[in-house]
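Reviewing the structure listed below.
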Amino acid sequence: MQQLLTVLGSTGSIGVSTLDVVARHPQRFGVYALTANTQVDLLLQQCLVAEPVFAVMRDEACAEQLQQRLHEAGSATRVLAGEEGLEQVAAAPQAPVVMAAIVGSAGLAPTLAAVRAGKKVLLANKESLVMAGGLFMQAVAESGATLLPIDSEHNAIFQCMPESYSSLEAAGIRRILLTGSGGPFRQTPLSELASVTPDQACAHPNWSMGRKISVDSATMMNKGLEFIEACWLFGARPDQIEIVVHPQSVIHSMVEYADGSVLAQMGNPDMRTPIAHALAWPQRIESGVPSLDFHALARLDFEPPSFERFPGLRLSVEAAAAGGIMAAVLNAANEVAVEAFLAGRIGFTRIPAIIEEVLSATVNTEPRDLEWVKQVDLDARQRAASLLDR
Ligand code: NAD
Ligand code: MG
């Protein structure tokens, strides 16, 4: 039988790759809903191909425009708007599978709505776990939702893990090795980092991604967010995860066991692999990703990460260890700083500096509910914004 899915953030890099995999298996998957922020043209085009029941635009004016144009094109897809629309299609019982691929904190509420509805949730939106990991994992446990990681590293770790385990120790796991390419500035002289441009930061050596996560990869804040994400997903303490820089992005992460065995998941750097893995799990399906060519590859390199070059890594590890609201504050300050960097308002090295300043002005607390987290997010954003023009 065909499985229906909702793709939150269908016009983004992950969303487009998801629709590519889905289109290869028309017997297996159908699309219930597609959502976007403001990209009317692309969402219209996607609706005409996938024929979802609903399309949601976060922006109300864009939603009206889309409805008009769908109508003119003779499409039966109905358009919803705003956050309510996103949460409605995320929780709708007609779609048992949800791809959570909105970027940033905007993804938290709709992703959590899908989790609370007990769905199979394919999690690309790492920011929601970073912001509210405790509440999020509690909601997964209570609703019986199935959480499958899409982030390539976490998907790799998931593939190298035993099927079920009560703790890493009980499963005989020594440590998780979280790999990262080091981004475009791994070898750039430190003195030049302050003046790199947004386009240079977004030119990732191995992956093609949205602009926010591309900047996060250049600061290695992406690896920092992933470190926090991995703690929540796998029930790991910070001292059980080691970050390894691996410039070729062929090994997507590893798990080391008590007997010294290290299991790695490898493949070409193409997000359709983790997407297809999670869509079909526990089965395997064609993703469109070509075979890894080991002869062309020739070598794999590894090196330790530099906290001096990438201060955001240290801040992330510290936030993971501190718990409470620190990771949510880190995430909010990062989003504000990255947006300002992309807009040409601040230099590259100001990104971690702003995050550090906001973190050091924060009194840590334990968040009780989603409203609490939203307020923390808002406060941290305001504080970060006030630092931009200094
Ligand atoms: P992107 O910028 O390409 O796309 C983001 C999507 O979210 C778009 O569809 C956009 O319309 C939507 N969106 C943006 N702001 C919104 C808002 N305020 N409300 C509702 N919708 C909004 O991003 P991406 O690269 O596809 O990344 C998506 C998520 O997946 C991120 O959390 C990222 O960290 C994660 N991720 C991405 C990759 C990758 O290869 N691109 C890999 C691992 C994890
Ligand atoms: Mg990743």
Side-chain angles (χ1 to χ4, degrees), residues 13-14 16-18 20-21 24-25 99 101 122-124 126 147-163 165 168 171-184 186-187 204-209 213-214 216-217 220 222-227 229-231 233-234 236 240-305 313:
S13 164
I14 294 287
V16 167
S17 293
T18 302
D20 179 284
V21 176
R24 292 167 193 274
H25 305 278
M99 166 58 80
L122 316 189
L123 185 72
K126 65 192 86 187
L147 193 59
L148 294 168
I150 292 298
D151 217 338
S152 56
E153 296 77 4
H154 305 74
N155 184 270
I157 295 163
F158 180 88
Q159 293 195 46
C160 297
M161 283 286 198
E163 218 162 278
Y165 57 93
L168 296 189
I173 290 166
R174 254 190 213 158
R175 55 182 183 154
I176 290 171
L177 297 152
L178 180 68
T179 56
S181 69
R186 185 172 60 88
Q187 293 176 315
H204 196 280
N206 308 328
W207 297 95
S208 141
M209 309 180 285
I213 184 176
S214 295
D216 285 347
S217 298
M220 278 196 89
N222 182 49
K223 212 47 56 187
L225 298 176
E226 290 182 354
F227 185 92
E229 182 187 13
C231 288
L233 277 174
F234 304 112
Q240 292 174 305
I241 305 178
E242 193 173 320
I243 298 171
V244 178
V245 173
H246 162 47
Q248 290 90 355
S249 300
V250 165
I251 291 178
H252 299 307
S253 276
M254 300 176 266
V255 176
E256 181 184 323
Y257 286 86
D259 58 8
S261 299
V262 180
L263 303 194
Q265 188 263 357
M266 299 190 234
N268 280 309
D270 186 322
M271 290 307 292
R272 291 177 300 176
T273 293
I275 290 168
H277 168 266
L279 274 171
W281 181 83
Q283 296 172 353
R284 297 274 180 172
I285 57 172
E286 180 62 52
S287 65
V289 178
S291 296
L292 198 53
D293 181 347
F294 281 92
H295 302 295
L297 195 64
R299 57 184 276 184
L300 300 176
D301 296 304
F302 305 95
E303 57 190 63
L313 270 185

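Everything numeric here is computed off the predicted structure, so don't read it as measured data. Hydrogens, waters and symmetry mates are skipped; everything else that's a heavy atom, side chains included, is used.
For Glu153, the salt bridge (charged side-chain N to carboxylate O under 4.0 Å, His left out) partners at least two apart in sequence or on another chain are Lys223. With sequence neighbours excluded, the residues that form a salt bridge (charged side-chain N to carboxylate O under 4.0 Å, His left out) with Arg272 are Asp20, Asp270. For the ring pair (Phe, Tyr, Trp, His ring centres under 6.0 Å) test, no residue two or more places apart in sequence or in another chain qualifies with His154. Contacts of Phe302 classified as ring pair (Phe, Tyr, Trp, His ring centres under 6.0 Å), with partners at least two apart in sequence or in another chain: His246. Residues satisfying the ring pair (Phe, Tyr, Trp, His ring centres under 6.0 Å) criterion with His25, sequence neighbours excluded, are absent altogether.
Judged by distance alone, with hydrogens and angles left aside, the side-chain atoms of Asn268 form a donor-acceptor pair with the main-chain N or O of Pro290 at under 3.5 Å. Side-chain atoms of Asn155 come within 3.5 Å of backbone N or O of Pro149 as a donor-acceptor pair. Side chain of Ser253 to main chain of Thr179: a donor-acceptor pair is present (N/O by atom type, distance under 3.5 Å, no hydrogens or angles).
In this structure the side chain of Val262 never reaches within 4.5 angstrom of the side chain of Val255, judged on heavy atoms. Side-chain contact between Leu313 and Ile243: present, with at least one pair of heavy atoms (C-beta onward) separated by less than 4.5 Å. Using a 4.5 Å heavy-atom threshold, the side chains of Tyr257 and Arg174 count as separate. Contact annotation: the side chain of Asp151 never approaches that of Leu233 to less than 4.5 Å [non-hydrogen atoms, C-beta and beyond]. By the 4.5 Å heavy-atom criterion applied to side chains, Val250 and Leu300 are counted as neighbours. When side chains are defined from C-beta on, Ser249 counts as touching Trp207, because their heavy atoms get closer than 4.5 Å. By the 4.5 Å heavy-atom criterion applied to side chains, Leu178 and Val244 are not counted as neighbours. Looking at heavy atoms from C-beta onward, Glu242 lies out of side-chain contact with Glu256 at the 4.5 angstrom threshold.
The shortest non-hydrogen separation linking Ser208 to Ser13 is O-OG, 3.5 Å. Across all non-hydrogen atoms, the minimal contact from Ala124 to Met99 is CB-SD, 4.5 Å. When all heavy atoms are compared, the tightest approach of Ile275 to Ile14 is CD1-O, 3.9 Å. Cys160 and Leu263 make their closest contact through SG-O, 3.5 Å (heavy atoms, listed as atom of the first residue, atom of the second, distance).
In this structure, a donor-acceptor pair under 3.5 Å is present between the side chains of His204 and Ser181. A donor-acceptor contact closer than 3.5 angstrom is absent between the side chains of Gln248 and Asn206.
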Evaluate side-chain contact (heavy atoms from CB on, under 4.5 Å) for Met271 paired with Ser152, printing each intermediate quantity in order. CA-CA 7 Å; Met271 290 307 292; Ser152 56; 4.0 Å; yes
Kindly indicate, with the supporting measurements, whether the criterion side-chain contact (heavy atoms from CB on, under 4.5 Å) is fulfilled by Lys126 and Ile213. CA-CA 10 Å; Lys126 65 192 86 187; Ile213 184 176; 3.6 Å; yes
Check against side-chain contact (heavy atoms from CB on, under 4.5 Å), Ile173 and Met161: CA-CA 9 Å; Ile173 290 166; Met161 283 286 198; 3.3 Å; yes
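With values rounded to the nearest 0.5 angstrom, His252 atom NE2 is found 6.5 Å from Thr273 atom OG1. The CE atom of Met266 lies 7.5 Å from the CG atom of Leu292; values are rounded to the nearest 0.5 Å. The distance from the CD1 atom of Ile241 to the CZ atom of Phe227 is 5.0 Å, given to the nearest 0.5 Å. Rounding to the nearest 0.5 Å gives a distance of 5.0 Å between CG of Leu168 and CD1 of Ile176. Distance check, rounded to the nearest 0.5 Å: CZ of Phe158 to CH2 of Trp281 gives 5.0 Å. The OG atom of Ser287 sits 7.0 Å away from the CZ atom of Arg24 when rounded to the nearest 0.5 Å.
Each salt bridge (charged side-chain N to carboxylate O under 4.0 Å, His left out) pair with one or both residues in residues 273-290, not counting sequence neighbours, would appear here, but there are none.
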